[in-house]
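Keep in mind that this is a model prediction, so the values were computed, not measured.
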Amino acid sequence: MTATPSSPAPALPLAARLRTLVVPGIAASIALAILVVLGTWQLSRLAWKNGLVAQVEQRTRAPAIALPGREAWPRMTPARDDYRRVTVTGRFRHDAEAYLYHVAGDSRQADATRPRGQGFFVLTPLVTATGDTVIVNRGFVPTDRRDPGTRTAGQVDGIVSVTGLIRYPEERGALAAPDDPARRTFYTRDLAGIGRTLGLDAAATAPFSVDADATPVPGGLPVGGETRLVFTNRHFEYALTWFGLALTLVGVFGAYAFQRLRGR
């Protein structure tokens with residue numbers, strides 16, 4: 001008995017074929033819009049990051065100015081003053097040291113002679129002749145040198161002048177460890193919280209800190225000049241990825257639509 005070959009299914013009318021593209025076309029359009037928005041957002045982030053890098057470069061290379069007194073602090077902002085080079089003169093309150101966890105070796109100045117590994121930034125209030133207080137990040141000490149008794153030469157007495165960069169508080173990261181005020185140990189540059197822990201007068205304490213530069217300290221510790229000045233900037237790569245996916249989507253949907261309209 002011989003089988004009768006089946007006849008090919010008749011092709012759908014063009015109008016029917018167009019209707020089959022409505023739902024896939026809407027989904028593809030939404031996905032395309034999302035990809036384009038993400039790529040455009042990354043380009044805006046690229047412009048912002050490039051501006052930040054140029055701004056930091058300009059401020060860190062400028063001559064240091066005298067740190068303004070408390071009457072000027074309300075007019076200072078992170079946008080205008082973060083990373084600005086300043087000089088401040090006063091006396092350290094070594095009895096009120098605090099410690100900010102840090103992994104050394106990721107700053108612009110990092111090289112074979114710079115400290116590396118886990119440790120702490122030593123945060124010490126400096127009181128000026130007018131009674132203003134500025135928290136100074138004196139620099140890095142390894143974990144085993146956190147105790148001031150292991151670096152007594154660096155606990156400088158008398159009037160000192162510190163040149164460094166203004167740094168404003170940072171937001172707490174989602175993965176940051178909780179601070180330990182009882183041990184004066186912090187994992188985020190929360191200057192208000194650090195000031196409360198140290199018993200500082202909020203009205204007389206600057207809302208920013210000063211990162212000391214790499215001027216050597218007696219005894220070698222703390223090691224200054226560890227401000228992070230290199231910023232990750234991969235926004236252009238991310239933009240290319242999103243726009244590349246958008247072009248791929250257009251190509252795939254175009255090929256799919258072409259086949260459907262041909263009746264396949």
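Placement of Trp73 and Leu191 in two distinct hydrophobic clusters is found when ILVMFWY residues are connected by side-chain heavy-atom separations under 4.5 Å, directly or transitively.
With a 6.0 Å radius and a threshold of 12 heavy atoms from other residues, nucleotides or ligands, Trp242 has its CH2 atom at or below the threshold. Taking a 6.0 Å sphere around OH of Tyr256, one finds it holds more than 12 heavy atoms contributed by other residues, nucleotides or ligands.
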Under 3.5 Å donor-acceptor pairs involving side-chain atoms of residues 22-41, not counting sequence neighbours:
unit_1: Ser29; atom_1: OG; unit_2: Gly25; atom_2: O; d: 2.8
unit_1: Thr40; atom_1: OG1; unit_2: Val36; atom_2: O; d: 2.8

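Cation-pi geometry between Arg146 and Tyr99 is met: under 6.0 angstrom from the ring centre, within 45 degrees of the axis.
By the 4.5 Å heavy-atom criterion applied to side chains, Leu229 and Val56 are counted as neighbours. For the pair Arg84/Ile65, a side-chain contact is recorded, criterion being any heavy-atom separation below 4.5 Å from C-beta on. Side chains of Phe92 and Val162 form a contact here, defined as non-hydrogen atoms less than 4.5 Å apart.
Every residue meeting the side-chain contact (heavy atoms from CB on, under 4.5 Å) condition with Thr143, not counting sequence neighbours, appears here in chain and number order: Gln118, Phe120.
Donor-acceptor pairing under 3.5 Å is lacking for the side chains of Asp180 and Thr185. Checked by atom type, the side-chain pair Glu97/Gln155 shows a donor-acceptor distance below 3.5 Å.
Sorted pairs that involve residues 49-70 and meet ring-ring contact (aromatic ring centres under 6.0 Å, His included), not counting sequence neighbours, are lacking altogether.
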